[in-house]
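Everything on this sheet refers to the single structure shown next.
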Amino acid sequence: MSRIGAAGAAAPATVTLLEDDESTQVERQRARQDPSYLQRPGEHRLDMLTGAVPGTDLVLGMSRRLYAACEELALQQEQIAVMVDQEIPRPRRDQADDVADQINAARRQLLYQEVGRSEARYRTREAFESAQSRNWWALIDRPARLTPEPEQNVLEAATEDTYLALDARTAELAMPREI
């Protein structure tokens, strides 16, 4: 959860390097040793949904809170986009560029108006806040596979809601060499 500063702005999330982080090692030990780890309430687990980015050496992850918020936001955006398509159809391919630009500008204006009027922000925030106590099965409609150990030679970093892993050999190649 982000912390709000005196001026009302969210404080930056703390990034933790996980390779030598003691709390990460303890949590992974719990996950390995406790067969009922996934049945524990969400607020007592630190797990992320992760996946490899095809064609890269990156693995990205997100918390249940972030996943639920993204899912809700996508749903809200889709509903608004359908309404905009009904109100102002997309320009036809055979229309002149200036006409297509006017149609697209009107569509954008309507989209921004609807986003401002909609409950998208409220619903997205609500999904974010309520998801911590839910389990992955309720969010992704399939069993989650627990993998408490990263691959070999991986550099890991995480915030409370995000995860990033990078093959250490890739990072090494990108580092400038001293002569």
Side-chain angles (χ1 to χ4, degrees), residues 1-5 8-16 18 24 27 31 37-93 95 100-148 150-151 154 156-167:
M1 198 176 300
S2 64
R3 293 161 215 44
I4 304 297
T14 301
V15 175
T16 303
L18 303 181
T24 299
E27 189 70 18
Y37 183 82
L38 285 177
Q39 277 65 47
R40 293 170 52 198
E43 59 271 12
H44 298 292
R45 288 193 326 268
L46 299 173
D47 51 3
M48 303 247 182
L49 180 66
T50 61
V53 178
T56 72
D57 291 326
L58 293 175
V59 174
L60 299 179
M62 62 177 69
S63 66
R64 288 183 302 279
R65 297 183 319 173
L66 187 55
Y67 180 88
C70 289
E71 182 179 49
E72 181 61 36
L73 180 59
L75 175 66
Q76 295 296 317
Q77 288 176 327
E78 184 178 343
Q79 291 172 350
I80 292 170
V82 166
M83 188 279 308
V84 169
D85 281 344
Q86 291 171 347
E87 292 286 322
I88 305 173
R90 295 171 192 252
R92 295 185 321 268
R93 292 178 194 246
Q95 288 181 307
D101 288 345
Q102 289 175 350
I103 292 171
N104 285 328
R107 287 173 54 82
R108 267 192 307 280
Q109 182 178 4
L110 180 58
L111 175 72
Y112 292 136
Q113 286 173 352
E114 289 304 314
V115 166
R117 277 189 256 181
S118 78
E119 295 183 1
R121 286 185 181 154
Y122 168 77
R123 289 183 180 198
T124 300
R125 169 56 64 184
E126 188 176 79
F128 180 85
E129 290 173 356
S130 68
Q132 184 63 32
S133 60
R134 296 169 62 193
N135 64 39
W136 281 112
W137 290 274
L139 293 171
I140 61 174
D141 296 327
R142 66 180 76 160
R145 182 173 49 94
L146 184 63
T147 52
E151 298 290 325
V154 171
E156 300 175 288
T159 66
E160 199 168 345
D161 291 299
T162 62
Y163 171 85
L164 171 67
L166 172 67
D167 185 310

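- Taking all atoms of both residues into account, the shortest heavy-atom contact from Ala158 to Leu18 is CB-CD1, 3.9 Å.
- Note: Gln76 CD to Arg123 CZ = 5.0 Å, rounded to the nearest 0.5 Å.
- The CG atom of Asp161 sits 10.0 Å away from the SG atom of Cys70 when rounded to the nearest 0.5 Å.
- Of all heavy-atom pairs between Arg107 and Ile88, the closest is NH1-O, 2.6 Å.
- Of all non-hydrogen atoms in Leu58 and Thr56, the two that sit nearest each other are N-OG1, 3.1 Å.
- With a 4.5 Å cut-off on side-chain heavy atoms, Leu110 and Gln113 count as touching.
- A donor-acceptor contact shorter than 3.5 Å is absent between the side chain of Thr124 and the backbone of Arg121.
- Residues Tyr67 and Leu139 approach most closely at CE2-O, 3.6 Å, considering heavy atoms.
- For the atom pair CD (Gln102) and CD (Gln95), the distance works out to 10.0 Å, reported to the nearest 0.5 Å.
- The structure places CD1 of Ile80 at 10.0 Å from CG of Leu75, a figure rounded to the nearest 0.5 Å.
- Looking only at side-chain heavy atoms (C-beta outward), Glu119 and Glu126 stay at 4.5 Å or farther from each other.
- When all heavy atoms are compared, the tightest approach of Pro89 to Ile103 is O-CG2, 3.5 Å.
- The backbone N or O of Arg134 lies less than 3.5 Å from a partner atom in the side chain of Arg64, making a donor-acceptor pair.
- Side-chain atoms of Glu129 and Arg65, non-hydrogen and from C-beta on, never get closer than 4.5 Å to each other.
- Using a 4.5 Å cut-off on side-chain heavy atoms (C-beta onward), Leu60 and Leu164 make contact.
- Interatomic distance, CG of Leu73 versus CG of Leu66, reported as 10.5 Å (0.5 Å rounding).
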